Each structure stands twice: as structure tokens, then as C-alpha cells.
Amino acid sequence: MTLLAYAVLSLSNMDKKVRVRFAPSPTGGLHLGGVRTVLYNYLFAKKYNGDFIVRIEDTDQSRFVPGAEEYIFDTLKWCGLIPDESVQHGGDYGPYRQSERKESYRQYAEKLVKEGFAYYAFDTPEELEKMRSAYRTEQNPSPQYDHTLRDKMMNSLTLSENEVERFIGEGMPYVIRIKIPTQETIVFTDMIRGEVQFDSSLVDDKVLLKADGMPTYHLAVVVDDYLMKISHAFRGEEWLPSAPVHILLWKYLFGLENMPQWAHFPLILGPNGKLSKRDGSKYGFPVFSMNWTDPKTNELTEGFKEKGFIPEGFINLLALLGWNDGTEKEIFSLNELVESFSMERVHSSGAHFDYEKAKWFNHEWIKKSGVGTLKSGVKELLEKDGFIVSDDNKLEKVIALVKERCTLLPDFSDQSSFFFKTPAQIDTVSILPKWNTEKQQFFRELIRTYKLTTIWNAHETENALKEIAAAHQIKAGELMLPFRIMLVGGKFGPGVFDIAEIIGREETILRITNGLTFLAA
RNA sequence: GGCCCGUUCGUCUAAGGGUUAGGACACCACCCUUUCACGGUGGUGAUACGAGUUCGAAUCUCGUACGGGCUACCA
């Protein structure tokens, strides 16, 4: 489709208030793809000053999982993607939980039956299975309940009106199925993929209303999108094959001219095909936004949050997985994303998730983040790891000093433990080969000097060390590594004199003393 | 099997008929750094294949291959 035609098509929707919805089914943790769908919905809504709605699609009672809905909202909160309307945020188009809207769906299904666009079907699950096995061949491994087979089944198309009435009167369970027309080409324009076509003869008669009176996704999504005045409907690519059903429903029920604009997002793939939570444990990276414990099995699936991602990094990595602004810019804040986002630049092909790149985004954001935003998270983490963090001022200095070497939040623990705790042992192996009595003498004098130093800061401690080194005719460079290891315990960390300044005179002297003891042992 | 979507360095991607096919992650080398990082410089590395349209194709068309999704009274 040409750009021009596309622009003209979009025009019809421009006068409409932008209203988008994220419509998750509360069946477990939210994975990468789900959060990205939320994000793109949010970005689109905010970009056009529209409303971002969260609607819970819980029409399958057998799949109800306690805690899943709360988890979704916790994720949104953590990410800073706050809905304008939802179960938790209220709004004029509630209820926002489909199970609570149950009564509103039947009338639409019945209307379709009356108008000949749908029919009652009395086939039991066993009969359906019987039909499938009867018609299953190598050429057709999954026979569909469609125009070729519906007149062989038990439904209001094959039964007389009297029989249908009697069955219903007797309370025989039934579903309502859409009667898909034959030989019709169903076309729609996807905002990402352009024109997509389907041959209606190949589409099956999907169940609209289940025997328990609940709608299926197909009916509910159309009815609710209409009732909630949704202007743009975004979802994952896995929904593309059922788009013709939804388009037909829109045509029969509410008119194509009122149908939202569709966009189907590409899938996020794991290293080998579709991303699953199994990939997480297999390759050692998170798949869910936050920790999720399956209430049935008690199985814990680790989340990005607990792995040490900060929301800014997580959002950024997700946004760039299938979208870019056309420039070479890669680091975006949420506000910048809102500013730059456009649906047309969302890719149509699936993207493999790359954990290394994901970590890079987080690292960039940790470096970019101010001490203030990192402080509470780091403090919590350090205390969880058993360090006593009583001096906030010190904590701030430490964070500023080590953040550039932290990719994930827990790295702060490794990178700053020695600021809060005297090393219980040190890497003597790295010192010993070049250790000698001259150096020992040097450090003894360093202790004496440090005791008398009037001003305790990085500059003074460095000068003192250099002067004594010169007096002892030892190259300062020869002393840096031992000094570092005495203070830190190993060969890592920020500048040694910065460390000395922060841990203070007493502690510095203590660690040198300890170091000499370790080396003498 | 059928239907639908897709295919540019290993990965995320730029390039909308004319570019030495650009960037980022990762990797390698060097520089910086009296540790580890940060940072800097450079390097390896891609248009799936085949036809066609065109003076000219990563770009448009068709076919093939490959990958993915769907094919439930699940979403």
C-alpha cells in the first residue's frame, strides 16, 4: 500500500479521541512481549493525548490464576506506565473486568443469530473430538468447524426450529458460533503491515458465546472495544489469523466505519524461536517483568526487576526491540519515547531478544541516573546483603563513585561492599611476588604519617604516599597495587585515594595494619 | 497439511531505485587508566537464493528456500 493511501485512511480516525487498551488475560506473569505491548499502547496514547486503558480479559474461568491481575498492575506501576482507566484507576467505561461484564455480551450474540450471522450449536466436546478424528487426514490434520462441516453437526442450521427451541427449553448446553460467509475476501489495513487479506472460506465458525454464558475473546474484544470507544487496537502478531473474525463481527454489529485501526506487533523471539519462560532458566536471563511464583506449583520465575534492572533501562530496551526513531539514538527516557514514537516505524518482523544488549541498556541508564534515583534501591540491596548503611552522605558518595561499573543493581553490592565492611581477607597472592621488607617498612611509615595528617582527603593521602615513596626510593606505582588490595581486598574498585577518603582515617589505618598482618602470615 | 506474517553483520537495526551498505551490542586489537571499569581509536562481520522490471535493485514484482504464528467452548 502506498503512503498516500495510508495517510488518507488514517484521516478518518483523526477526529476521534485516541483511546487504546491493553487487554491482558490474568493467567500468570507478564513477559517481555506483554510489557512491550503495554509500552507501545502507552506511548501511542500519550503521543496523541489519548487515553490508555487496561481491561482485564478474564472470560476463561478455568484459567483464573490468583495474583495474576495484581501482578499486572504492579508491573505497570514499576514501569511508570500508569493507566487512565482500569479496574484500579476507575473510569467512565467500566467495569474493566470482562467477567463483570458477562451479561452485556449475550444480547450481541443473540442479535447475530437473529440476523443470520450466527447460530446455536449443541455439539458436546466429545462430539467435536469425534468429528475431528473422523475427518482428520494427513492432508488435513486439524479439521475445522466451518462451512464444509457445519451442516454435518448438531446446530440450529441442521436442526428444525422446533428442535432448537426444545433443546434450549430443556436446558441443553449450547454455544453460539459465528457463521462465516464463503467466498468473501476480508481485507483490512494494519498500521504496521499494510493491507492484509483473508479468504473467508478458509476461516472457521468460531465460538462467540460459550456454554457457560461467557463470551470468547472474539466476541468480547469486539463488543468491549466498541463500548469503550477504542480508536486503535494493538495486540501481538499471534492474533493476526483471527482478525477476519473480528472484522466480520465489527461489520455485522457496529459497522466497519466505527472499527478501530489495527496494529499487530511482531513477536519477541528467544535465542531459538519463540520466547518462553523456559528460555529464561535455560539461558540465564529473565523473561518476566518481575518475580512470579506460580501459585499451583510454587515455581519461581525470576523477573527483570529482581535481576537488577531499573525501570528506565527496562523500558528503553523494550522500546528498541522492534522500533527505532530512524536516527542513531538509542537511549530514550519515557518522555523522549512518547515524543518520538510512531507506529509506522514499528517493525513487521520478529526480534530476537539479546540479553547482552539488554544489560547494556541498563548499564547506560545506571550511569545516566542521578544518585538520588539510585539511592533507595541500592540501600535496600546493600542492607539485604548484610551491610550496615547508616550514613546517607557516604552512601551517595559511594554510588557516585562506583555506578559506572555497575550493569545490574546487585553489582553495587560487589562494587561497594568494602566501603561498608573491613575485608576479612585480601588477595595476598597478587601482592606477594613483589613483596619485600622495604615495602613493609614503607607501609609502617605510611601508617605513622596518616595518623598525623591534618586534612584527610584523597589529595592529601596521595601526596603523603608519594612523598614517603620518594624518601624510600620506591616507585609509587609499585605501591599502588598492595595499597589497593589492603583497602579493597582485591584488584578492583575506584581510585584508591577516593576510597581512603570515604572510609576515613581510622579505617584506612586499620586496613593497612590488617594488610601487613595478612602478608606476614 | 492449510492459512497468515516475516527474511540486511552472531543479535538489535539504518538506508523508501544511484551510499566504499551506516550505527549499536557482543567479540578482537590498540590507546587512556599506577587496579577494575568508564572513555577513545581501529578491526572481523550482512542484503537467504533464483528470475524479472530498470541505464541502475537491499529497496519494486514473481517464484523458491528458510523462520515464525495460527489452526480450542485459551487468550
Side-chain angles (χ1 to χ4, degrees), chain A residues 3 23-27 57-60 62-63 98 121 123-125 128-129 132 136-146 173-177 190 192-193 196-199 201-204 206-218 220-221 235-244 264 266-267 269 271-274 317 320-331 347-361 363-364 367 402-407 411 415 427 430 475-485 488 490-496:
Chain A
L3 236 48
S25 173
T27 53
E57 309 237 341
D58 57 347
T59 54
D60 185 359
S62 68
R63 294 217 304 168
Q98 287 182 331
D123 319 274
T124 63
L128 289 174
E129 185 38 47
R132 291 197 179 99
R136 184 153 31 225
T137 62
E138 210 167 280
Q139 290 303 298
N140 183 13
S142 38
Q144 306 197 106
Y145 200 124
D146 61 12
Y174 65 91
V175 301
I176 292 178
R177 287 180 181 271
D190 187 283
I192 295 170
R193 290 152 213 281
V196 184
Q197 293 196 9
F198 298 87
D199 175 356
S201 304
L202 272 3
V203 179
D204 63 332
K206 291 273 184 245
V207 170
L208 264 20
L209 199 74
K210 299 186 261 189
D212 65 2
M214 278 288 192
T216 58
Y217 172 83
H218 303 108
V221 73
R235 70 226 305 193
E237 189 186 337
E238 70 270 23
W239 289 107
L240 208 41
S242 50
H264 291 87
L267 265 11
L269 309 167
N272 305 304
K274 195 191 179 187
L317 103 237
L320 274 281
L321 206 50
W323 172 87
N324 71 85
D325 75 343
T327 72
E328 283 172 2
K329 184 175 163 89
E330 291 195 281
I331 301 301
H347 263 238
S348 50
S349 52
H352 289 94
F353 173 67
D354 179 1
Y355 190 45
E356 294 306 319
K357 182 98 186 218
K359 285 192 289 190
W360 175 80
F361 275 113
H363 191 188
E364 290 301 308
K367 282 189 289 176
V402 304
K403 66 175 183 171
E404 70 192 20
R405 55 204 84 202
C406 295
T407 299
D411 295 339
Q415 290 296 332
D427 177 14
S430 296
K475 275 187 258 174
E478 296 269 307
L479 300 160
M480 296 303 288
L481 191 68
F483 190 32
R484 160 173 300 282
I485 291 175
V488 173
K491 290 192 279 188
F492 63 98
V496 242

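Everything numeric in this text was worked out from a predicted model, so none of it was measured. Here is how names work: the chains are called A, B, and so on, in the same order as the sequence lines, proteins then strands, and each is numbered from 1. Keep in mind that the numbers below use all heavy atoms, side chains included, and drop hydrogens, waters and symmetry copies.
- A/F198 places its CZ atom 12 Å from the P atom of B/C3, with the value rounded to the nearest Å.
- Applying the 90° cutoff around 0 to the glycosidic angle, B/C62 is assigned anti.
- If you check every strand for non-hydrogen atoms under 4.0 Å, A/F353 touches nothing.
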>> Assess the residue pair A/T407 and A/W360 against the criterion (side chain to side chain contact (heavy atoms under 4.5 Å, CB included)); give the C-alpha distance rounded to whole Å, side-chain angles, the decisive distance to 0.1 Å, and a yes or no.
In response: CA-CA 7 Å; A/T407 299; A/W360 175 80; over 6 Å; no

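- Comparing B/A46 with B/U11, their C1' atoms are spaced 12 Å from each other, to the whole Å.
- Every residue two or more places apart in sequence or in another chain that forms a salt bridge (charged side-chain N to carboxylate O under 4.0 Å, His left out) with A/E356 is listed here: A/K359.
- Closest approach of A/V496 and A/M480 over heavy atoms only: CG2-CE, 3.3 Å.
- Across every strand in view, B/G50 sits in a pair with B/C62 that passes the Watson-Crick or G-U test at under 3.5 angstrom.
- When the nearest nucleotides of RNA chain B are assigned to A/L320 and A/Q98 by heavy-atom distance, the more 5′-ward of the two goes with A/L320.
- Residues satisfying the side-chain hydrogen bond (donor to acceptor under 3.5 Å, both in side chains) criterion with A/D212, sequence neighbours excluded, are absent altogether.
- Listed by chain and number, the residues in a side chain to side chain contact (heavy atoms under 4.5 Å, CB included) with A/P215 are A/T59, A/Y105, A/L209, A/L219, A/A220 (sequence neighbours excluded).
- Taking atom P on both nucleotides, B/U41 is separated from B/C25 by 12 Å, rounded to a whole Å.
- In this structure, A/N140 places its CG atom 12 Å from P of B/C3, rounding to the nearest Å.
- The partner of B/U19 cannot be assigned: no Watson-Crick or G-U wobble pair with both contacts below 3.5 Å exists in any strand.
- Annotation: B/G39 and B/U44 have their C1' atoms spaced 22 Å apart (nearest Å).
- Taking the side chain to side chain contact (heavy atoms under 4.5 Å, CB included) definition, one finds that A/P173 meets it with A/A211, sequence neighbours left out.
- If you measure from atom CD of A/E330 to atom P of B/C25, you get 7 Å, rounded to the nearest angstrom.
- Residue contacts shown for A/V196 are limited to sugar-phosphate atoms, with no base heavy atom under 4.0 Å away.
- Taking the P atom of each, B/U47 and B/U59 are spaced 12 Å apart, rounded to whole Å.
- Judged by distance alone, the side chain of A/R484 and the main-chain N or O of A/P494 form a donor-acceptor pair under 3.5 Å.
- Heavy atoms of A/H347 sit under 4.0 angstrom from primed sugar atoms or phosphate atoms, though from no base atom.
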N/O contacts under 3.5 Å, protein versus nucleotides 69-73 of chain B?
{"residue": "B/U71", "atom": "O2'", "partner": "A/Q144", "partner atom": "OE1", "Å": "3.0"}
{"residue": "B/U71", "atom": "O2", "partner": "A/S142", "partner atom": "OG", "Å": "3.4"}
{"residue": "B/C73", "atom": "OP2", "partner": "A/R177", "partner atom": "NH2", "Å": "3.2"}
{"residue": "B/C73", "atom": "O2", "partner": "A/A211", "partner atom": "N", "Å": "2.7"}
{"residue": "B/C73", "atom": "N4", "partner": "A/D123", "partner atom": "O", "Å": "3.0"}

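- Every residue two or more places apart in sequence or in another chain was checked for a side-chain hydrogen bond (donor to acceptor under 3.5 Å, both in side chains) with A/E238, and none qualifies.
- Regarding A/D354, its CG atom lies at a distance of 14 Å from the P atom of B/C9, rounded to whole Å.
- With sequence neighbours left out, A/R136 forms a salt bridge (charged side-chain N to carboxylate O under 4.0 Å, His left out) with A/E129.
- Using a 4.0 Å cut-off between charged nitrogen and carboxylate oxygen, A/D354 and A/K357 do not count as a salt-bridge pair.
- Considering only the side chain of A/E328, B/G22 comes nearest among B/U7, B/A24, B/G22.
- Contact annotation for A/R193: backbone-only contact, meaning every heavy-atom pair under 4.0 Å involves sugar-phosphate atoms and none involves a base.
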Do any N or O atoms of the protein come closer than 3.5 Å to N or O atoms of nucleotides 57-66 of chain B, and which pairs are they?
none

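- Partners of A/L321 under the side chain to side chain contact (heavy atoms under 4.5 Å, CB included) rule, at least two apart in sequence or in another chain, are A/I268, A/A351, A/F353.
- With both ends at atom P, the span from B/G1 to B/C62 equals 23 Å, rounded to whole Å.
- Across all strands shown, nothing is found opposite B/U8 as a Watson-Crick or G-U wobble partner with both distances under 3.5 Å.
- Only the C1' atoms considered, B/C12 is 26 Å distant from B/G17, to the nearest whole Å.
- Within 4.0 Å (heavy atoms only), A/S62 reaches no atom of the nucleic acid at all.
- The side-chain hydrogen bond (donor to acceptor under 3.5 Å, both in side chains) search around A/E478 returns A/K439, not counting sequence neighbours.
- Using atom C1' as the reference point in both B/U71 and B/A57, the two lie 37 Å apart (nearest Å).
- The separation of B/G6 from B/A14, taken at their P atoms, amounts to 15 Å, rounded to a whole angstrom.
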>> I need a per-nucleotide contact map over nucleotides 34-47 of chain B, read 5' to 3'. Cutoff is protein heavy atoms under 4.0 Å; write B for the base, S for backbone only, - otherwise.
In response: BBBBSS--------

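- In this view, A/R235 and A/Y217, A/H246, A/H264 satisfy the side-chain hydrogen bond (donor to acceptor under 3.5 Å, both in side chains) rule, not counting sequence neighbours.
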